[in-house]
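The structure presented is a predicted model; accordingly, all values stated were derived computationally and were not measured.
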Amino acid sequence: VQLQASGGGLVQAGGSLSLSCAVSGRLTTSDNFMNWFRQIPGKEREFVAGINWRSGSKRYADFVKGRFTISRDSAKMTVFLQTYSLKPEDTAVYFCASSSEVVSTADGAGSWGQGTQVTVSS
């Protein structure tokens, strides 16, 4: 499977952005879940949100609960991350990645797409 994230940009604190992850290729059991991670320079990639591709069940990191929403459009083979109430500390490169099971760390993800930069100004 191939993944391509897009939708990043520069936004003021309190603003919102909608990120998309285009999914192509044949999905296997290695891609049961689609996830968003982010990486701040000098830090490890951290889990942001994940969604079960079939059931639509969702998980979020505590630091984004109530501010970010993950969703998927199976027909369009796209995963979305709608972000609200952005903070300067949300500035990072955001990646989408697939996994065979629920993951909380980047080590558990398999296929990765190129990231998209989100910059939140204060």
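By the 6.0 Å contact criterion, CD on Gln114 is open, its count of non-hydrogen atoms from other residues, nucleotides or ligands being 12 or less.
Put simply, Val79 and Leu3 are part of the same group of oily side chains (I, L, V, M, F, W, Y) that touch within less than 4.5 Å, one to the next. Leu17 and Phe95 fall into different hydrophobic clusters, where Ile, Leu, Val, Met, Phe, Trp and Tyr are joined by side-chain heavy atoms under 4.5 Å apart, directly or via other members. Under a hydrophobic-cluster definition in which Ile, Leu, Val, Met, Phe, Trp and Tyr are linked whenever side-chain heavy atoms come within less than 4.5 Å, directly or via other members, Phe33 and Ile51 are assigned to different clusters. Trp36 and Val93 fall into different hydrophobic clusters, where Ile, Leu, Val, Met, Phe, Trp and Tyr residues are linked whenever their side-chain heavy atoms come under 4.5 Å apart, directly or through other members.
Put simply, the side chain of Thr83 does not reach to within 4.5 Å of the side chain of Asp90, judged on heavy atoms. The closest side-chain heavy-atom distance from Thr91 to Val118 is not below 4.5 Å. Proximity of Arg45 to Arg38: side-chain heavy atoms (C-beta onward) are nowhere separated by under 4.5 Å. Side-chain atoms of Thr28 and Val1, non-hydrogen and from C-beta on, never get closer than 4.5 Å to each other. The side-chain heavy atoms of Met77 and Leu27, taken from C-beta on, include a pair separated by under 4.5 Å. Between Tyr94 and Leu81, some side-chain heavy-atom pair lies under the 4.5 Å cut-off. You'll find the side chain of Cys96 stays beyond 4.5 Å of the side chain of Met34, heavy atoms only.
For the residue pair Tyr84 and Arg67, no side-chain donor N or O sits within less than 3.5 Å of a side-chain acceptor on the partner. With 3.5 Å as the limit, one finds no donor-acceptor pair spanning the side chains of Ser74 and Arg54. Asn32 and Ser100 share no side-chain donor-acceptor pair at under 3.5 Å.
Residue pairs meeting the ring pair (Phe, Tyr, Trp, His ring centres under 6.0 Å) criterion with at least one partner in residues 41-74, sequence neighbours excluded, are Phe37-Phe47.
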Do Ser16 and Gln82 pass the side chain to side chain contact (heavy atoms under 4.5 Å, CB included) test, and can you show the C-alpha distance, the side-chain angles, and the key distance before you say yes or no?
CA-CA 7 Å; Ser16 61; Gln82 181 64 53; 4.1 Å; yes
Please step through salt bridge (charged side-chain N to carboxylate O under 4.0 Å, His left out) for the pair Asp62 and Lys65, ending with a clear verdict.
CA-CA 5 Å; Asp62 288 343; Lys65 282 183 179 177; 3.3 Å; yes
Quick one, Gln117 with Leu10, criterion side chain to side chain contact (heavy atoms under 4.5 Å, CB included). Give me CA distance, side-chain angles, the key distance, then yes/no.
CA-CA 8 Å; Gln117 175 72 48; Leu10 174 63; over 6 Å; no
Does Val23 form a side chain to side chain contact (heavy atoms under 4.5 Å, CB included) with Thr78? I'd like the steps, not just the answer.
CA-CA 6 Å; Val23 181; Thr78 305; over 6 Å; no
Test side chain to side chain contact (heavy atoms under 4.5 Å, CB included) applied to Arg59 and Val102, step by step:
CA-CA 9 Å; Arg59 289 175 60 244; Val102 171; 3.1 Å; yes
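Judged by the 6.0 Å and 45° rule, Arg72 forms no cation-pi pair with Phe80.
Judged purely by atom type and a 3.5 angstrom limit, Lys58 uses its side chain to pair as donor or acceptor with the backbone of Ile70. A donor-acceptor distance shorter than 3.5 angstrom exists from the side chain of Asn35 to the backbone of Ala97, with no hydrogens or angles considered.
When all heavy atoms of Ala106 and Trp112 are compared, the pair lying nearest together is O-CZ2, 3.6 Å. Nearest heavy-atom pair across Ser99 and Ala109 is CB-CA, 4.1 Å. Across all their heavy atoms, Thr116 and Gly7 have their closest contact at OG1-N, 3.8 Å.
A distance of 10.0 Å separates CD in Gln2 from OG in Ser98, rounded to the nearest 0.5 Å.
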